[in-house]
Amino acid sequence: MGGTAKRHSSQLLWMSVFFIIRRKINMLDMKMIRQNVEYVKEKLATRNVDASTIDELISLDEKRRDLIVNTEKLKAERNEVSDKISQLKRNKENADEQITRMREVGQQIKDFDAQLLEVKEKQNNIETHLPNIPADDVPVSLTEEGSIELRKIGEPRNFEFKPKAHYEIGEDLNILDFQRGAKVSGSRFLYYVGKGAMLERAIYNYYLDRNDAAGYTEVIPPYMVNSESMFGTGQFPKFKETQAGFEIKDTDLTMIPTAEVPLVNYYRDEILSDEQLPTKFTALSPAFRSEAGSAGKDTRGLIRLHQFNKVEMVQFTKPEDSWNALEEITAHAESLLKELEIPYHVIELTTSDMSFTAAKTYDLEVWMPEQNRYREISSCSNTLDFQARRSHIQYRDENDQLQYVHTLNGSGLAVGRTVAAILENYQNEDGSVNVPKVLQPYMNGLEKIQ
RNA sequence: GGAAGGUUGGCAGAGUGGUAAUGCACCGGACUCGAAAUCCGGCGAACCGAUUAUUUUCGGCGCGCAGGUUCAAAUCCUGUACCUUCCUCCA
């Protein structure tokens, strides 16, 4: 058992190495890079990619194409001579001379192919680690500073008492149980109990209903996905190297860090017709994150957990529509906060703050009274064709030409953090918490948790 | 978890070592006032490279995927994924 398990996992390792090589995966179009070397260097420099990396990529690409020319020449010869051999054999003539020669050619092909594989591997390793090129209007910054506040909606409430932290409120009301979460699972886990569980459920049902009304098709996706899916949306390979997620041992499965992964990969390796665009999906799912590297940050409360619920929105659009779609998806996420009457602001992330796949990102941050600051509750991004290239999602345009679709994702919204925001913003001096009006129908008319 | 069968172009479907039949669909043409039917011709996804760079042409790859044997693999060998059916088990 132990032996087979071990062999099994080493095979999986090879599988995960090879699926990268097997298909030509361009997150950025190699032809585009080749033709715009300086532009790419300049753009990626704003995302901490060294110019020498691009130089190395270019030289590997040249080497690769040279090898292809050489090896294909030999393969063409082999095909031709093989044809002759088969004719000779059919005529019962002697083909020994040709066969001997081809034996040699075959060896040469093998040698070139081995070299080619090596170069491809190196090239792929660089390519798959290059982040998306930021859109031209994204603020440039190499530090965390520099994001732009686009608008601020709603006035933070004036408290006549010292507002409590959401985790205190939740523990005092017996609706959040972090102690037992830690006992049963560990830190960064909790139980929602009673009206707390009901509040969580009310929020995500409310979100799903609103998203449905906005034209998103509701989906219940798998919560574990294979490596190719993780690759398609841009989590792998970096995610794997930094151990940012939970991978299931001895399998090829990873617990999803966001529903974006199964939603975008829904159409992986498919060609859509242009009537299918735009397609809009929404899903409630738990999100699983190891939070490696965030030790000591947000150790209490609902802000940073290993498992949290999130309602996600994903759109597949034609290239010319994706920038409008980003505004639309953001506006829709905002409408949810407006209806919940929680103060928030919208910021535009900087080049280095954006996720690996994003060309442009808006974050929505809600006001947290006890922390006296805004905290992220939604992130809406346009990845352009970055994910579509990795996951091979194309469509036939009106001229019957194949084109990559554009993909967008946005939280609509993070559920656990919504609970936190409601507890803090709607708290009363006596420790009770009012239920936002729009959620009351989802809580059997309950107006206050006490 | 065990067993058997399967996976070939948009679809259907042949092909057990000599380089992917055939049908439907599709594109072009003929016939027609036009269409259908019929006939003739063409193409068979995607991907990669060279060439041309508005159009092209040539080649590689390509029969679920990955290895191996061979001058040559859809075909033989090994591994593996998925689908179907039957046991087993289970919400």
Side-chain angles (χ1 to χ4, degrees), chain A residues 1 3-27 29-35 58 60-110 112-117 119-121 123-124 127 220 222-229 231 250-253 265 267-276 385 388-397 399-405:
Chain A
M1 180 67 198
T4 49
K6 227 176 247 170
R7 198 182 65 207
H8 191 45
S9 83
S10 81
Q11 280 166 354
L12 285 166
L13 188 79
W14 277 109
M15 266 167 51
S16 55
V17 171
F18 273 115
F19 83 82
I20 296 169
I21 297 160
R22 196 184 79 221
R23 313 190 300 184
K24 180 71 187 148
I25 296 173
N26 281 333
M27 67 279 281
D29 184 3
M30 194 60 222
K31 277 183 195 144
M32 184 280 287
I33 297 177
R34 223 182 277 155
Q35 286 159 8
I58 295 289
L60 284 168
D61 184 55
E62 277 167 14
K63 212 179 282 177
R64 178 182 62 92
R65 286 182 295 143
D66 273 353
L67 285 166
I68 286 174
V69 171
N70 288 335
T71 189
E72 286 191 354
K73 222 181 279 172
L74 291 175
K75 282 177 182 173
E77 188 191 351
R78 178 176 65 184
N79 289 343
E80 209 177 302
V81 176
S82 286
D83 215 30
K84 233 172 255 165
I85 293 173
S86 91
Q87 277 178 34
L88 290 172
K89 292 250 178 191
R90 231 171 300 160
N91 298 336
K92 306 240 157 76
E93 293 178 50
N94 188 295
D96 288 353
E97 188 193 325
Q98 281 84 351
I99 288 175
T100 315
R101 215 171 87 232
M102 284 307 101
R103 204 171 279 160
E104 221 169 284
V105 169
Q107 190 53 47
Q108 283 172 9
I109 289 173
K110 236 177 215 175
F112 275 128
D113 273 345
Q115 286 180 52
L116 186 59
L117 185 70
V119 171
K120 264 187 185 169
E121 216 172 318
Q123 182 178 2
N124 248 296
E127 276 188 290
I220 301 177
Y223 299 154
M224 301 178 203
V225 295
N226 59 30
S227 295
E228 282 199 56
S229 298
F231 202 92
D250 292 336
T251 75
D252 188 39
L253 295 169
N265 279 283
Y267 282 133
R268 174 156 54 78
D269 293 325
E270 291 191 33
I271 296 170
L272 312 180
S273 63
D274 72 338
E275 304 95 70
Q276 284 176 276
D385 62 3
R389 282 181 184 284
R390 292 188 156 231
S391 45
H392 298 122
I393 305 172
Q394 295 167 297
Y395 81 104
R396 285 192 193 280
D397 66 17
N399 301 321
D400 228 33
Q401 294 295 306
L402 281 178
Q403 287 204 54
Y404 288 104
V405 303

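Just so it is clear: chains get the letters A, B, ... in the order the sequence lines come, proteins before strands, and each one is counted from 1.
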| query | Does a side chain donor of either A/Asn226 or A/Ser229 reach within less than 3.5 Å of an acceptor in the other side chain? | reply | yes
| request: Please answer whether the main-chain N or O of A/Ser273 pairs with a side-chain N or O of A/Gln276 as donor and acceptor at a distance below 3.5 Å. | output: yes
| Is the backbone N or O of A/Asp96 less than 3.5 Å from a side-chain atom of A/Asn94, with the two atoms forming a donor-acceptor pair by type? | yes
Find the partner of [N]: check Watson-Crick (N1-N3 plus N6-O4 or O6-N4) and G-U wobble (N1-O2, O6-N3) distances, both under 3.5 Å, and reply none if neither fits.
N	result
B/rU54	none
B/rA20	none
B/rG64	B/rU80
B/rA25	none
B/rA73	none
B/rG44	none
B/rG34	none
B/rA3	B/rU85

| Spacing of CZ belonging to A/Arg65 relative to CD belonging to A/Gln123, to within rounding of 0.5 Å |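 If we round to the nearest 0.5 Å, A/Arg65:CZ and A/Gln123:CD are 9.0 Å apart.
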| request: Output the distance between atom CG (A/Asn70) and atom CD1 (A/Ile109), rounded to the nearest 0.5 Å. | output: 11.5 Å
| remark: With the side chain defined as heavy atoms from C-beta on, A/Lys75 is closest, among B/rA46, B/rC61, B/rG59, to B/rC61
| Tell me, do A/Val225 and A/Asn265 make a side-chain contact under 4.5 Å, heavy atoms counted? | no
For [X], report the nucleic acid contact type (base, sugar-phosphate, nothing); a contact means any heavy atom under 4.0 Å.
X	value
A/Lys110	sugar-phosphate
A/Leu402	sugar-phosphate
A/Gln87	nothing
A/Asp83	nothing

| field | Ion pair A/Arg101/A/Glu77, N-O distance below 4.0 Å | value |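 Result for this pair is yes, salt bridge flagged.
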| Taking the C1' atom of each, how far is B/rU75 from B/rU8, in whole Å? |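 Their C1' atoms lie roughly 12 Å apart.
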| Separation between the P atoms of B/rG15 and B/rA21, rounded to whole Å |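 Roughly 14 Å separates the two P atoms.
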| task | With sequence neighbours excluded, tell me which residues meet salt bridge (charged side-chain N to carboxylate O under 4.0 Å, His left out) with A/Lys75. | result |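 Here the qualifying residues are A/Asp113.
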| At under 4.0 Å, does any side-chain N or O of A/Arg64 touch on OP1 or OP2 of B/rC48? |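 Negative; the distance criterion is not met.
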| message | If you compare every side-chain N and O of A/Asn79 against the phosphate oxygens of B/rC61 (OP1, OP2), does one of them come in below 4.0 Å? | response |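 Indeed, a polar side-chain atom of A/Asn79 lies that close.
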What pairs of nitrogen or oxygen atoms, one from the protein and one from nucleotides 50-54 of chain B, lie under 3.5 Å apart?
residue: B/rA50; atom: OP1; partner: A/Arg65; partner atom: NH1; Å: 3.0

| field | Of A/Tyr404 and A/Glu77, the one whose closest RNA chain B nucleotide lies more 5' | value | A/Tyr404
| field | Given RNA chain B, 5'-ward residue of the pair A/Lys73 and A/Gln394, judged by closest heavy atom | value |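 With A/Lys73 and A/Gln394 compared, the 5'-side residue is A/Gln394.
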| With A/Leu116, the side chain to side chain contact (heavy atoms under 4.5 Å, CB included) member among A/Lys63, A/Arg64, A/Glu121 |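 Only one of A/Lys63, A/Arg64, A/Glu121 forms a side chain to side chain contact (heavy atoms under 4.5 Å, CB included) with A/Leu116, namely A/Arg64.
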Can you tabulate the close N/O pairs, meaning under 3.5 Å, that link protein atoms to atoms of nucleotides 71-77 of chain B?
residue: B/rC71; atom: OP1; partner: A/Arg103; partner atom: NE; Å: 2.9
residue: B/rC71; atom: OP1; partner: A/Arg103; partner atom: NH2; Å: 2.7
residue: B/rC71; atom: O4'; partner: A/Ile99; partner atom: O; Å: 3.4

